[in-house]
Colleague: 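Structure incoming, see below.
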Amino acid sequence: MKRCWLTLGRKDHISELDASATPGWRGGAARARKQTDGLRDQLLGLQERLFAESRQKLLVVLQAMDTGGKDGTIRRVFSGVNPNGIRVARFGRPSELELAHDYLWRAHARVPERGQIVIFNRSHYEDVLVVRVNSLVPEQTWRRRYAHIRDFERMLVDEGTTILKFYLHIDRDEQRERLQARLDEPSKNWKFDEHDLVQRRKWDDYMLAFEDAIRETHTDEAPWYIIPANRKWFRDWAVMSILVDALGRMDPQYPKPDFDPGSIRVE
Ligand code: AMP
Ligand code: MG
C-alpha cells in the first residue's frame, strides 16, 4: 500500500480525493475480503500476545462523516478478537458532566490500559469538527485545540501508547445513498437521525474542518490515514492492513515465566 496516498499532501484537498479509489489494491472485492480474513487471523494472534504481554497499548481513532462506516469497520475488522483485551469508546454529544470539564477530559479517561486495544468511535477530534462547523465555541477556542491535541497525543505516545488515526472518506453521493437506505430499510431505521440531514448541508465546511484537523495533527508519532471508504471491502482491507502492520511492528511477546515450568508438576 502506498503511504503517500493515505496522507494529505500539501496541495491535496479532501473533497478532491476519489472516495471510490482502491490504492494499493489490484483485484476485485472477493479477493480483498479473503485477504482481510487472512489478516484477521494475524490480528487475533497479535492481539492475544499484546494482552499477554500487558505492556504496550494501542489506540485506534476512527473519524468519518455520518454513515462513513465507523461502526461497520469496527464490526468487520475486530470480529472475533478476545473481548477481554479490547474496548470501544463512543463519543456522542457531551453530557453535562463532560461539558463541565475540558474537552480532553472524557477522551483521556478512556485511553487504553496496558495490553489493551481501544477504538475511539469518534473522539476528541469532534471538538475541532462538529464544534467548529456549528460554531459551538469561538474560532480562537477551537484553533488553539490543534496544539493541545498534538501535545496530548505526544504524551500518550511517550507513555507507551501506539496511536493510529483513520479518516474514512466517503463522498456526498455515497452519503445520500446510505442515509436514504436508513429510511428505506426497516432494519436500519434506528440509525436514522434527522440531525444528520442538517449536518449534511454543511458538507463543504466539514471537508475543510477535516482537512485542517488532519493537516494540523498528522505527526510521525500519531499519523492519520485517509481511507477511501465508498467501497466497504476496500475500507476494511486497508484498515486491517495498517493495523496488522502496526501491531507487527509493536511485536508483542508472551512474557517469560519467572519460574521453571518444567520443574513443577500438577498433582
Ligand atoms: P453517533 O455517532 O451516530 O452516535 O452520533 C453522535 C453525535 O454526537 C454526532 O452527531 C456527533 O457529531 C455528536 N458529537 C460528538 N462529539 C461531540 C461534541 N464534542 N460536541 C458536539 N457534538 C458532538
Ligand atoms: Mg449517527
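This one's a predicted model, so the numbers in the text were calculated from it and none came from an experiment. First listed ligand is number 1; within each ligand, the first listed atom is number 1. Residue numbers run from 1 in the order of the sequence given.
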Colleague: Examine Gly92 against ligand 1 and note whether any of their N/O atoms are separated by less than 3.5 Å.
Modeller: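 So ligand 1 has an N or O lying under 3.5 Å from an N or O of Gly92.
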Colleague: With a 3.5 Å cut-off and no angle check, do the side chains of His148 and Tyr146 form a donor-acceptor pair?
Modeller: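 No, no side-chain donor-acceptor contact under 3.5 Å.
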Colleague: Can you tell which of Ser123, Ala107, Pro94 gets a heavy atom nearest to atom 20 (N) of ligand 1?
Modeller: Pro94
Colleague: For ligand 1, is any non-hydrogen atom under 4.0 Å from Arg90's backbone (N, CA, C, O), its side chain (CB onward), both, or neither?
Modeller: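 Near ligand 1, Arg90 shows its side chain, while the N, CA, C and O stay back.
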Colleague: How does His124 reach ligand 1, by side chain, by backbone, by both or by neither, if only non-hydrogen atoms under 4.0 Å count?
Modeller: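 It is neither; nothing of His124 touches ligand 1.
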Colleague: Heavy-atom pairs closer than 4.0 Å: do any link ligand 1 to the side chain of His195, the backbone, both, or neither?
Modeller: side chain
Colleague: Would you say Asp127 has any N or O atom under 3.5 Å from an N or O of ligand 1, going by distance alone?
Modeller: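 For ligand 1, there is an N or O atom that lies under 3.5 Å from one belonging to Asp127.
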Colleague: May I ask which of Glu98, Gln199, Arg93 has a heavy atom nearer to atom 13 (C) of ligand 1 than the others do?
Modeller: Arg93
Colleague: Of all the atoms in ligand 1, which lie at a distance below 4.0 Å from a heavy atom belonging to Arg106?
Modeller: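 Answer for ligand 1: 16 (N), 17 (C), 18 (C), 19 (N).
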Colleague: Are Lys70 and ligand 1 in contact, using a heavy-atom cut-off of under 4.0 Å?
Modeller: no
Colleague: Would you confirm whether Glu216, through its side chain, and Ile214, through its main-chain N or O, come within 3.5 Å as a donor-acceptor pair?
Modeller: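 Side chain of Glu216 to backbone of Ile214: no pair is present.
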Colleague: Does any N/O atom on Asp196 come nearer than 3.5 Å to any N/O atom on ligand 1?
Modeller: no
Colleague: With no hydrogens and no angle check, is any side-chain donor or acceptor of Glu211 less than 3.5 Å from a backbone partner on Ile14?
Modeller: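 Such a contact is found between Glu211 side chain and Ile14 backbone.
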Colleague: Identify which of Leu129, Val130, Asn134 has a heavy atom lying nearest to atom 22 (N) of ligand 1.
Modeller: Val130
Colleague: Can you see whether Gln175 engages Asp173 through a side-chain donor-acceptor pair at a distance of less than 3.5 angstrom?
Modeller: no
Colleague: Identify, for atom 12 (O) of ligand 1, the protein heavy atom at the shortest distance, and state residue, atom and that distance.
Modeller: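 Of every protein heavy atom, Glu126 OE1, 3.3 Å lies nearest to atom 12 (O) of ligand 1.
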Colleague: Verify the distance criterion only: is there a donor paired with an acceptor across the side chains of Trp233 and Thr36 at less than 3.5 Å?
Modeller: no
Colleague: When you measure from the centre of the six-membered ring of Phe91, is the NZ or CZ of Arg106 under 6.0 Å away and within 45° of the axis?
Modeller: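 Output no; distance or angle outside limits.
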Colleague: Check the side chains of Ser123 and Gln63 for a donor-acceptor pair under 3.5 angstrom, ignoring hydrogens and angles.
Modeller: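 Ser123 and Gln63 do have a side-chain donor-acceptor pair below 3.5 Å.
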Colleague: Are Glu53 and Tyr254 linked by a side-chain donor-acceptor pair shorter than 3.5 Å?
Modeller: no
Colleague: Tell me whether Arg122 has any N or O atom under 3.5 angstrom from an N or O of ligand 1.
Modeller: yes
Colleague: Does either side chain, that of Arg235 or that of Thr73, offer a donor lying less than 3.5 Å from an acceptor on the other one?
Modeller: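 Yes.
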